[in-house]
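Heads up: the structure comes next, in structure tokens.
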Number of protein chains: 2
Amino acid sequence: MKDSFWQEHLCYLGFRLTVPRKIVINILKETEKHLSAEDIYVKALKINPSIGLTSIYRTLLLFTKINVVQKHDFGEKKARYELINNPLKKEHHHHLICTRCKTVIDYADFMKEEVELMTKTENKLSKKYHFKIIYHTVHFYGLCVKCQKLA
Amino acid sequence: MKDSFWQEHLCYLGFRLTVPRKIVINILKETEKHLSAEDIYVKALKINPSIGLTSIYRTLLLFTKINVVQKHDFGEKKARYELINNPLKKEHHHHLICTRCKTVIDYADFMKEEVELMTKTENKLSKKYHFKIIYHTVHFYGLCVKCQKLA
DNA sequence: TTAATTGCAAACGGTTTGCATGGGC
DNA sequence: GCCCATGCAAACCGTTTGCAATTAA
């Protein structure tokens with residue numbers, strides 16, 4: 001009884017489709033925010049009060065490994081997680097982070113130029129430093145509209 | 001008895017030039033690495049065994065606030081710190097991070113183009129999202145020469 | 001059936017805090 | 001001498017781990 005692409009993917013890779021895993025997928029599927037493990041846990045409890053925080057962590061770890069979820073670090077002490085739409089071809093975006101309220105905006109505008117330059121730079125850096133580059137992050141930190149008014 | 005630019009800066013801002021603060025400055029001055037609080041503490045103990053980890057943290061917090069030190073987050077659970085050469089005009093660089101051994105390479109090559117594009121993007125993003133951008137980070141994650149051979 | 005996965009509780013590791021003591025100006 | 005700053009110990013908080021019980025296939 002698989003009711004989503006991600007669930008199929010899980011089974012395809014030989015992992016069991018357990019209650020906590022279904023719940024985590026459904027929660028992530030229904031938000032465009034970057035949720036922390038705690039955020040997910042709180043939402044999960046409402047669906048199934050017997051779920052444990054540990055399973056959330058273990059599920060997220062697994063999902064990160066198999067490229068179903070991307071783990072983000074925005075400079076808070078906690079990590080944040082985001083569903084990757086398609087495990088085979090993940091959509092790439094960069095981030096705009098409010099240092100005051102921690103809001104994160106994904107942007108994919110203006111990306112063509114950025115991606116071009118990033119690729120070019122990656123190639124140059126790989127050669128010069130003999131680094132095998134796997135991924136990159138671009139984060140702009142600042143103040144969102146609301147926080148500009150408050151600060 | 002100020003023996004460095006940063007120490008003068010500290011006093012200028014009205015902060016006391018205490019033993020732990022001198023030691024932290026000297027340690028950071030003599031490395032091109034990004035040290036963690038623990039790294040600094042271990043080095044500091046060799047200079048003055050009565051120093052406490054807490055002071056290292058408090059010193060780094062202060063230094064970060066007054067732009068003497070830059071705090072970095074490279075996705076480990078601990079933060080890393082780097083002296084900013086000149087508090088008035090900090091030199092900008094991007095990072096190349098080995099996900100396996102956590103080595104960090106600063107690069108400033110190819111930066112002209114990158115900085116140009118970043119500035120352009122910053123302007124566009126500011127307008128579109130009404131964000132006041134304060135700084136950005138560009139991190140390339142991958143494997144360094146050594147770890148490519150081992151992995 | 002039976003190995004994978006869970007929930008609990010306890011450990012962990014980096015960082016922060018409260019408080020009495022001590023050191024710079 | 002007066003505070004600012006320190007060192008210690010304990011708290012904190014997100015995350016991980018050991019283990020016995022449970023569950024999906």
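Just so it is clear, the structure is predicted and the values come from calculations on it, not from any experiment. Protein chains get the first letters and strands the later ones, always in sequence-line order, with residue 1 at the start of each.
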B/E76 CD to D/dG14 C1', in whole Å, measures 16 Å
Expressed as a whole number of angstroms, how long is the span from B/L45:CG to D/dG7:C1'? 12 Å
Over how many whole Å does the gap from A/D39 atom CG to D/dT15 atom P extend? 10 Å
Could you verify whether a donor N or O on one side chain and an acceptor N or O on the other, from B/D106 and B/H34, lie under 3.5 Å apart? yes
When rounded to the nearest 0.5 Å, the distance separating OG of B/S36 from NZ of B/K77 is 13.5 Å
Between C1' of C/dG14 and CD1 of B/I56, the distance in whole Å: 14 Å
Side chains of B/H92 and B/H136 only: does a donor on one sit below 3.5 Å from an acceptor on the other? yes
Between D/dA25 (P) and A/L13 (CG): distance, integer Å: 14 Å
A/K43 with A/E38: basic N within carboxylate O range, under 4.0 Å: no
Please check if any side-chain donor atom of B/Q70 sits under 3.5 Å from a side-chain acceptor atom of B/Y135, or the reverse. no
Are side-chain N/O atoms of A/S126 and A/N123 paired as donor and acceptor at under 3.5 Å? no
What string of B, S and - do you get for nucleotides 15-25 of chain C, 5' to 3', if B is base contact, S is sugar-phosphate-only contact and - is no contact with any protein heavy atom under 4.0 Å? BBBB----BBS
Between atom OH in B/Y41 and atom P in C/dG13, what is the gap in whole Å? 16 Å
Taking NZ from B/K22 and P from D/dA5, how many angstroms apart are they, rounded to a whole number? 14 Å
Between atom NZ in B/K102 and atom C1' in C/dG13, what is the gap in whole Å? 15 Å
